[in-house]
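Shown next, in structure tokens, is the structure this report addresses.
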Amino acid sequence: MKPTTLDEAIAFLARRIMPLSATATVHVAQAVGYILAEDIHAPASLPRFDNSAMDGYALKQSDIDDEGIAKLSIDHVIAAGCSSGFELRSGSAARIMTGAPVPVGADRVVMQENAVIDGSAVTLRITDNSKFHIRRVGEDVREGQQILKAGTKLHPGNLSLLVGLGFRSVRVTVRPRVAILSTGNELADSPDKLVLGQIYDTNRPMLSWMLAQAGADVTDLGIIRDDPSSILSALASAAKTHDLLITSGGASEGFADHLSDVVTRHGSLEFWKLNMRPGKPIGFGEIEHCPVLVLPGNPVAAAAGFATLGRAIIQGLVCRSCATPSYIALPLSVGYSKPAERVQLLMGKFRRRQHDNAIIVEPLTLQSSSSYRALSEAEVFILLGAGKTTVSAGDLVAVVPLWQHWEDLLGDAKLLPS
Ligand SMILES: Nc1nc2c(c(=O)[nH]1)N[C@H]1C(S)=C(S)[C@@H](COP(=O)(O)OP(=O)(O)OC[C@H]3O[C@@H](n4cnc5c(N)ncnc54)[C@H](O)[C@@H]3O)O[C@H]1N2
Ligand code: MOO
């Protein structure tokens, strides 16, 4: 059975999309955003040597009296970067900086604030018996331990770990190569002069950015006229060198809408028309063994198709069983009614709920599938499932990001502790 609902389409893609087998070696500094193609084990321990967690004095535990006091002579000074090639003897302390190696024989550091200096002697006071202020070899990462799994999308925190362990390069999955085209005799490239009836092609620039954000390398095939043989020749030739083809426009049933026919006749159309709005005429199939995602021409519908299915396909091309949209569940700000038979995608924005400061989502007032103003204001799509006609304020709803910039969306000084 061909998928007819969004859920069925997602389940279908999760089975159908296989990760690309090609991998590449990239320098760690360039690896952020790539998907790791190998499990990584630690070639060393972190910390690499016992070191002080505080600026203060290293001493022997046995030099502390019953009152928690140690009176010692200051025999050495160890800054970070120095090697401590000596053994601390009983009755003496070494002045030590944060990150400096702890000398052999020392088993505790007392922070500077709890030290009273008198010439070359120091009196140290233990204020908390449980705090030794020494970062031990391997307490963070043990040599040989698995630290990252194949399939991880690398972020700068992973980069710190890899660099800290001395990695110079890692094996990653190659970025999917995606070719994109728009169809429509009415389309022109900005800033060409428009004649009556023409509009600028806005889907190609928008989708190209969404693709790049999702981690794809994009080839722009430009605007193709509403002519089946031109569409076929552009798709068939790009199919040879790409992992995914994406089209926008001509997806519906007008006399100038050729996509479903072209894919059916010259490849296979695996689903077409989903029970959702916007985004109804979305199709998926293949030409010359290359997957093709057919997106509608209405700009909001094209964005909806990409945010739900397009991004999931890109994820599936780099990571096994990742071909699913990344939903989060958030409370809806207001009640909403919709027809029961279909999934409704609402353009929405994040809000703070007044009484508890919780993040909620609010549908925009303007929901037209062709509205650029709404598209520009929207931050997310709110998915209201089929089968339900009403959703109440405060109900949890599935939310997918439109532009993947969570940190800008969620950053809010009001949440900082005062
Ligand atoms: N009789 C029916 N008509 C329509 C149906 C239907 O089921 N029966 N579905 C409607 C829905 S829903 C959508 S969505 C659109 C999708 O149609 P197409 O994918 O065939 O898109 P076009 O007809 O080519 O264009 C629709 C609309 O979008 C503008 N457009 C197209 N490409 C771009 C682009 N790259 N950048 C900006 N704008 C674009 C185009 O000029 C049209 O205004 O069909 C409904 N009709
Ligand atoms: O479903 Mo269309 O995709 O409403 O704009």
Side-chain angles (χ1 to χ4, degrees), residues 3-6 9 178-192 194-211 218-228 230-231 234-235 245-264 269 271-285 292-310 338-339 341-348 363-364 366-376 378 381-386 400 402:
T4 57
T5 66
L6 181 60
V178 182
I180 176 166
L181 62 81
S182 292
T183 67
N185 292 352
E186 76 278 31
L187 301 178
D189 267 328
S190 173
D192 292 353
L194 298 178
V195 296
L196 182 67
Q198 278 194 309
I199 58 165
Y200 289 128
D201 174 359
T202 57
N203 288 347
R204 237 166 71 246
M206 174 187 71
L207 292 168
S208 297
W209 272 104
M210 291 176 94
L211 277 162
V218 185
T219 307
D220 185 348
L221 302 179
I223 298 168
I224 311 290
R225 292 188 64 77
D226 286 320
D227 158 47
S230 310
I231 296 171
L235 289 177
L245 310 171
I246 295 187
T247 68
S248 104
S252 190
E253 302 201 73
F255 58 80
D257 295 340
H258 303 297
L259 258 302
S260 65
D261 260 12
V262 167
V263 180
T264 305
L269 189 64
F271 62 79
W272 180 43
K273 289 196 178 168
L274 297 176
N275 207 357
M276 65 190 251
R277 277 288 169 87
K280 179 182 152 201
I282 293 175
F284 177 86
V292 189
L293 177 66
V294 174
L295 294 177
N298 275 331
V300 176
F306 186 82
T308 50
L309 301 181
K338 67 176 236 330
E341 74 281 2
R342 65 172 190 235
V343 168
Q344 185 83 43
L345 275 72
L346 301 175
M347 285 175 280
L364 304 186
L366 193 57
Q367 290 292 340
S368 157
S369 177
S370 57
S371 170
Y372 285 120
R373 194 153 57 80
L375 196 55
S376 170
F381 275 114
I382 301 163
L383 276 78
L384 305 182
V400 283
L402 254 163

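Numbering of ligands and ligand atoms starts at 1, following listing order.
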**OP:** Determine whether L345 and P278 make a side-chain contact, defined as any pair of heavy atoms from C-beta on separated by less than 4.5 Å.
**Re:** yes

Original post:
Does the side chain of L375 come within less than 4.5 Å of T202's, by heavy atoms?
Top reply: no

**OP:** Report all protein residues having a heavy-atom distance below 4.0 Å to some atom of ligand 1; order the list by chain, then number.
**Re:** S182, E186, L187, I199, Y200, D201, T202, N203, S248, G249, G250, A251, S252, D257, R277, K280, P281, P296, G297, N298, A301, Y372

Subject >> T183 (side chain) donor-acceptor with G249 (main chain) under 3.5 angstrom >> reply: yes

Original post:
What salt bridge (Lys or Arg N to Asp or Glu O under 4.0 Å) pairs are there with at least one residue in residues 178-189, not counting sequence neighbours?
Top reply: D189-R204

**OP:** Ignoring hydrogens and angles, tell me if any N or O in the side chain of D226 forms a donor-acceptor pair with the backbone of N185 under 3.5 Å.
**Re:** yes

Original post:
Is any side-chain heavy atom of I180 closer than 4.5 Å to a side-chain heavy atom of S208?
Top reply: yes

**OP:** State whether the side chain of K280 and the backbone N or O of A301 hold a donor-acceptor pair below 3.5 Å, judged by distance alone.
**Re:** no

**OP:** Check whether any side-chain N or O of D257 sits under 3.5 Å from a backbone N or O of L259 as a donor-acceptor pair, and report yes or no.
**Re:** no

Subject >> Neighbouring protein residues of ligand 2 - any heavy atom closer than 4.0 Å >> reply: R277, P278, G279, K280, P281, N298, A301, S369

**OP:** Not counting sequence neighbours, which residues clear ring-ring contact (aromatic ring centres under 6.0 Å, His included) with F284? List them please.
**Re:** F271

